[in-house]
Amino acid sequence: MEDLRIGVIGLGLRTNLALSAHRPGKGSVVAALCDSDPAVLKRQAEKFEADILTEDYRELLDRKDIDAVIVMTPDDTHERIAVEALEAGKAVYLEKPLHITVEGCDNILRTAKRTGTRLYVGHNMRHMGVVRLMRDIIQKGVIGEPKTVWVRHFVSYGGDYYFKDWHADRTRTTGLLLQKAAHDLDVIHWLAGGYTTRVNALGDLMLYGDLPRREPGTPRPDGWLREFEWPPPSAGTSTTSSTSRTCR
């Protein structure tokens, strides 16, 4: 069997997913890489044996020797890239979220249905061993019928890490609630065997609300991925940032 030849679009923090898919001789191989930053493209290319490097994802969609694409670009680009890839007949693995608007998500789903092209969404927490074990215990009736599911999602170092890149621009993302807590919401529904019918919410900018905003276009500092200011540089509280979700 020949390897499925995969093209990767976007070589940022999720590149480890592409590395997992790179299995030469074992079913799949990352044959092409694309990133709009030439320096990133060159650096990440060292991790693969890809013979196709480009800064324009459309070049991958035009190639007959690419069977599928992994899309790991910023959220606001998902609709455009996924729709074009599906139209080109390339199977698509699209990292969550589908898009930042309901309309964009619907467009992607309609395109996949119309073209018959395979679409996979990277939303993986329900597949983790501990979550699957919890699901099995509930399904076997060991603890009876769940009436309440309570989750506390620790963000650890808070927004100091999360908001240092494009996530800081509200026009480009769904925000921290759906970016991180989307996993919790999905797991709650899966474990409970039902879906939410009523939502109550409250929140507060306890840690970072009073800090000055990063000016538009400010470059990320060296080591931004590894270095965090924790507790945050403020006179306010230093309790760990977290989100809680309860479903009854």
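The first residue in the sequence is number 1, and the count goes up from there.
Under the 4.5 Å side-chain heavy-atom criterion for Ile, Leu, Val, Met, Phe, Trp and Tyr, Y195 and V199 are members of distinct hydrophobic clusters. One hydrophobic cluster, built from ILVMFWY side chains closer than 4.5 Å, cannot hold both V102 and V121; they sit in different ones. Under the 4.5 Å side-chain contact rule for hydrophobic residues, M128 and V151 do not share a cluster.
Summarising the geometry, atom CD belonging to E103 is positioned 5.0 Å from atom OG1 belonging to T101; distances are rounded to the nearest 0.5 Å. The structure places OG1 of T15 at 4.0 Å from CD of Q44, a figure rounded to the nearest 0.5 Å. For the atom pair H22 NE2 and N16 CG, the distance stands at 14.5 Å (nearest 0.5 Å). Here the NZ-CG distance, from K90 to D62, works out to 8.0 Å after rounding to the nearest 0.5 Å. Taken from NZ in K113 to OG1 in T117, the straight-line distance is 14.5 Å, to the nearest 0.5 Å.
When all heavy atoms of I66 and G7 are compared, the pair lying nearest together is CG2-N, 3.8 Å. Here the shortest heavy-atom pairing between H99 and I108 reads CB-CD1, 4.4 Å. The nearest pair of heavy atoms linking L94 to A82 is CD2-CB, 4.1 Å. For the residue pair H123 and H127, the shortest heavy atom distance occurs at O-CD2, 4.1 Å. Here the closest heavy-atom approach between residue N200 and residue R198 is recorded as ND2-NE, 4.0 Å. The shortest non-hydrogen separation linking V69 to A85 is CG2-CB, 3.9 Å.
With sequence neighbours left out, T111 forms a side-chain contact (heavy atoms from CB on, under 4.5 Å) with V83, L86, E87, N107, R114, T115. For R5, the side-chain contact (heavy atoms from CB on, under 4.5 Å) partners two or more places apart in sequence, or in a different chain, are V29, A31, D51, I52, D65, D67. Taking D75 as the reference, H78, P97, I100, W166, T173, Q179 meet the side-chain contact (heavy atoms from CB on, under 4.5 Å) condition, with sequence neighbours excluded. Partners of I81 by side-chain contact (heavy atoms from CB on, under 4.5 Å), not counting sequence neighbours, listed by chain and number: I9, Y57, V71, T73, T77.
Heavy atoms of other residues, nucleotides or ligands lying less than 6.0 angstrom from CZ of R80 number more than 12. Counting heavy atoms of neighbouring residues, nucleotides and ligands inside a 6.0 Å radius, atom CZ of R118 does not exceed 12 of them.
A donor-acceptor contact closer than 3.5 angstrom is absent between the side chains of S36 and E55.
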Quiz: residues 131-138 side-chain donor-acceptor pairs under 3.5 angstrom, not counting sequence neighbours:
unit_1, atom_1, unit_2, atom_2, d
R135, NH1, W190, O, 2.4

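Between D3 and S28 the shortest side-chain heavy-atom distance does not fall below 4.5 Å. At least one side-chain heavy atom of H183 sits under 4.5 Å from a side-chain heavy atom of K96.
Taking Ile, Leu, Val, Met, Phe, Trp and Tyr as members and joining any whose side-chain heavy atoms lie under 4.5 Å apart, directly or through other members, the hydrophobic cluster of L17 also contains L4, I6, V8, L11, L19, V30, L33, V40, L41, F48, L53, I70, M72, Y93, Y120.
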